[in-house]
Asks: 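Take a look at this one; I'll ask things after.
No experiment lies behind these values; they were computed from the predicted model shown.
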Amino acid sequence: MSAPAPLSIQEAAARLGVSPHTLRYYDREGLLAVPRASGGERRYSERELTLLRFLLHLRGTGMGMAGLRAYMALVREGEHTAPERRALLVRHEQEVEARLLELQADLSAIRAKIARYDAHLNCGDTPAAPVLSPPGVQAPRPAAQEASA
């Protein structure tokens with residue numbers, strides 16, 4: 001069975017869920033040496049698509065272009081750089097985990113605020129606690145309802 005025919009930039013972009021502009025940008029940044037047809041148009045094989053999918057995952061988790069370039073430079077150097085590539089990915093994994101913890105804390109604060117609004121909006125004329133109070137702080141009950149944020 002032969003390998004599938006290489007894809008045009010439009011076909012590759014559609015397959016990856018990005019714009020052709022993104023693929024051109026990655027090419028200009030030197031992330032990938034995409035083979036070209038005789039007319040000069042880029043032709044993407046499964047190998048390029050696999051590498052691009054992974055680069056898009058890294059970019060989606062916040063790795064900057066410098067990190068992507070460093071990773072791909074190691075890939076191009078060959079298999080002997082596997083330990084360095086692993087170390088780069090482990091560092092990035094730690095950064096992503098730290099951001100996830102921050103996002104989880106932020107999400108908890110948002111959920112707590114939503115719960116306060118739910119309590120405020122479902123309790124009739126007298127809220128259980130002012131909506132503007134920080135979570136866990138019991139503010140004195142106001143005589144009139146206050147504006148909420």
Asks: If you count the non-hydrogen atoms of other residues, nucleotides and ligands that lie under 6.0 Å from CZ in Arg86, is the total more than 12?
Replies: no
Asks: List in chain and number order the residues that pass ring pair (Phe, Tyr, Trp, His ring centres under 6.0 Å) with Tyr26, two or more places apart in sequence or in another chain; answer none if no residue qualifies.
Replies: none
Asks: Linking Ile, Leu, Val, Met, Phe, Trp and Tyr through side-chain heavy atoms less than 4.5 Å apart, which residues share a cluster with Leu103?
Replies: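 Besides Leu103, the hydrophobic cluster comprises nothing; the residue is isolated.
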Asks: How about Arg85 and Val75: do any of their side-chain heavy atoms sit closer than 4.5 Å?
Replies: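 Side chain of Arg85 against side chain of Val75, heavy atoms only: contact under 4.5 Å found.
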Asks: May I have the step-by-step check of side-chain contact (heavy atoms from CB on, under 4.5 Å) for Met72 and Leu51, ending in yes or no?
Replies: CA-CA 9 Å; Met72 287 307 297; Leu51 284 167; 4.2 Å; yes
Asks: Flag the pair Arg43 / Leu7 as yes when at least one side-chain heavy-atom distance between them is below 4.5 Å, and no otherwise.
Replies: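 Not in contact.
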Asks: Please answer: with hydrophobic residues joined when any side-chain heavy atoms are less than 4.5 Å apart, are Val96 and Leu58 in the same cluster?
Replies: no
Asks: Could you measure the distance from the CD atom of Gln94 to the NE2 atom of His92? Nearest 0.5 Å is fine.
Replies: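 Going from the CD atom of Gln94 to the NE2 atom of His92 covers 11.5 Å.
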Asks: Check the pair Met63, Leu88 against side-chain contact (heavy atoms from CB on, under 4.5 Å), reporting the backbone distance first and the verdict last.
Replies: CA-CA 11 Å; Met63 182 178 280; Leu88 185 148; 3.5 Å; yes
Asks: Do Tyr25 and Leu31 come close enough that some side-chain heavy atom pair is under 4.5 Å?
Replies: no
Asks: Hey, could you give me the CG/CD1 distance between Leu121 and Ile114, rounded to the nearest 0.5 Å?
Replies: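 Between atom CG of Leu121 and atom CD1 of Ile114 there are 11.5 Å.
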Asks: Report yes or no: do Thr81 and Glu84 form a side-chain donor-acceptor pair below 3.5 Å?
Replies: no
Asks: Please report the interatomic distance CZ(Arg59) to OG1(Thr22), rounded to the nearest 0.5 Å.
Replies: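 Result: 10.0 Å between the selected atoms.
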Asks: Taking all heavy atoms of Leu32 and all of Leu52, pick out the closest pair and write down the distance.
Replies: CD2-CG, 3.3 Å
Asks: One thing to verify: whether Glu46 and Arg15 come together as a salt bridge, which I'm taking to mean a side-chain N less than 4.0 angstrom from a carboxylate O.
Replies: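 Yes.
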Asks: Considering non-hydrogen atoms only, spot the tightest contact between Tyr44 and Ser8 and give its length.
Replies: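 In terms of heavy atoms, the two residues are closest at CD1-O, 4.0 Å.
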Asks: Heavy atoms, side chains only, cut-off 4.5 Å: are Arg24 and Arg42 in contact?
Replies: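 Yes - at least one pair of side-chain heavy atoms lies under 4.5 Å apart.
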Asks: For the residue pair Ser19 and Ala13, what are the closest heavy atoms and their distance?
Replies: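 Between these two residues, the closest heavy atoms are C-CB, 3.7 Å.
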Asks: Drop me the distance from Gln104's CD to Arg111's CZ, to the nearest 0.5 angstrom.
Replies: 9.5 Å
Asks: Heavy atoms, side chains only, cut-off 4.5 Å: are Glu48 and Pro6 in contact?
Replies: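 Side chain of Glu48 against side chain of Pro6, heavy atoms only: no contact under 4.5 Å found.
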Asks: If you group Ile, Leu, Val, Met, Phe, Trp and Tyr whenever their side-chain heavy atoms sit less than 4.5 Å apart, what else falls in with Leu101?
Replies: none
Asks: Measure the shortest side-chain to side-chain distance between Leu16 and Leu23 over non-hydrogen atoms and say whether it is less than 4.5 angstrom.
Replies: yes
Asks: Can Arg36 and Asp27 be counted as an ion pair, charged N to O under 4.0 angstrom?
Replies: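 Yes, this pair counts.
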Asks: Taking everything shown except Arg76 itself, do over 12 heavy atoms lie less than 6.0 Å from its CZ?
Replies: yes
Asks: Taking atom CZ of Arg53 as the centre, does the number of heavy atoms from other residues, nucleotides or ligands within less than 6.0 Å exceed 12?
Replies: yes
Asks: Are the side chains of Leu68 and Phe54 in touch, meaning some heavy atoms are under 4.5 Å apart?
Replies: no
